[in-house]
Amino acid sequence: QVQLAESGGGLVQPGDSLTLSCTSSGRTTSAYTMAWFRQAPGKEREFVASISASGATTYHPDSSVKGRFTISRGHAENTVELRMSSLNPDDTAVYYCAQGGFLATSSKSMPQKYDYWGQGTQVTVSS
């Protein structure tokens, strides 16, 4: 049984940085595609970033995320991190960690391609 647990969310001010962590139990993260999605109130779940078993990273093509967010394998075993900088109110959402198998590049942004999901961690950006 795979369980994913996110941590690191909270209330921050515009311009602040925040690092989210996702820990997987039951299956090593390094052998699978790991991703972060987010969902704001009243909106669909949105792809943020992914990292494959090879370490290749993919980001949402929208410039609002690219360059500010970085996905990486954590120092701790079976963890994946999402480092976020220059946060703004539009980044406010519940952030979810997801784990899937080998995914083609065109599939990495599709929530339905991922097998396991965490419960999510709330990130609120407000002054």
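Numbers here simply count residues along the sequence, with the first being 1. Heavy-atom basis, side chains included; hydrogens, waters and symmetry copies ignored.
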Please step through side chain to side chain contact (heavy atoms under 4.5 Å, CB included) for the pair V65 and M84, ending with a clear verdict. CA-CA 9 Å; V65 171; M84 306 182 292; over 6 Å; no

Flag for T79-E81: side-chain donor and acceptor within less than 3.5 Å: no

When clusters are formed by joining ILVMFWY residues with side-chain heavy atoms under 4.5 Å apart, either directly or through shared neighbours, do [X] and [Y] land in the same one?
| X | Y | answer |
| --- | --- | --- |
| I51 | Y95 | yes |
| V48 | L4 | yes |
| V94 | V80 | no |
| W36 | V2 | yes |

Should we say atom CD of Q112 is surrounded by more than 12 heavy atoms from elsewhere, each under 6.0 Å from it? yes

For Q122, does the CD atom have more than 12 heavy-atom neighbours from other residues, nucleotides or ligands under 6.0 Å away?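 It does: Q122 CD has more than 12 such atoms within range.
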
Checking [X] side chain against [Y] main chain: does a donor-acceptor pair fall under 3.5 Å?
| X | Y | answer |
| --- | --- | --- |
| T124 | T92 | no |
| R83 | T19 | no |
| Y59 | I71 | yes |
| E6 | C97 | yes |
| R68 | S85 | yes |

Measure centre to centre between the rings of Y96 and F37, then say whether the value is under 6.0 Å. no

Distance from [X] atom [atom1] to [Y] atom [atom2], nearest 0.5 Å?
| X | Y | atom1 | atom2 | value |
| --- | --- | --- | --- | --- |
| S25 | N78 | OG | CG | 8.5 Å |
| L18 | F69 | CG | CZ | 9.0 Å |
| K108 | K113 | NZ | NZ | 13.5 Å |
| H75 | S21 | NE2 | OG | 10.0 Å |
| S86 | D91 | OG | CG | 9.5 Å |

Check whether any side-chain heavy atom of T70 sits under 4.5 Å from a side-chain heavy atom of L82, and report yes or no.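 When only atoms from C-beta onward are counted, L82 and T70 do not touch, as no gap falls below 4.5 Å.
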
Non-hydrogen side-chain atoms of E46 and Q39 separated by less than 4.5 Å: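 E46 does not reach Q39 side chain to side chain.
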
Over all atoms of both residues, closest heavy-atom pair of [X] and [Y]:
| X | Y | answer |
| --- | --- | --- |
| W117 | P111 | CZ2-O, 3.4 Å |
| G101 | Y32 | CA-CD2, 4.1 Å |
| A35 | F47 | CB-CE1, 4.4 Å |

Carefully, step by step, assess Q13 and S126 under the rule side chain to side chain contact (heavy atoms under 4.5 Å, CB included). CA-CA 5 Å; Q13 294 188 335; S126 175; over 6 Å; no

For T33 and Q99: C-alpha separation, side-chain torsions, deciding distance, then whether side chain to side chain contact (heavy atoms under 4.5 Å, CB included) applies. CA-CA 6 Å; T33 298; Q99 185 179 78; over 6 Å; no

Residues R38, K43; criterion side chain to side chain contact (heavy atoms under 4.5 Å, CB included); working and verdict: CA-CA 9 Å; R38 67 183 182 183; K43 294 187 177 181; over 6 Å; no

Let me see the working for S54 and S52 under side-chain hydrogen bond (donor to acceptor under 3.5 Å, both in side chains), right down to the final yes or no. CA-CA 5 Å; S54 67; S52 68; 2.8 Å; yes

State which residue, out of V12, D16, D90, L11, fulfils the side chain to side chain contact (heavy atoms under 4.5 Å, CB included) condition with V125.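 It is V12; the other options fail the test.
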
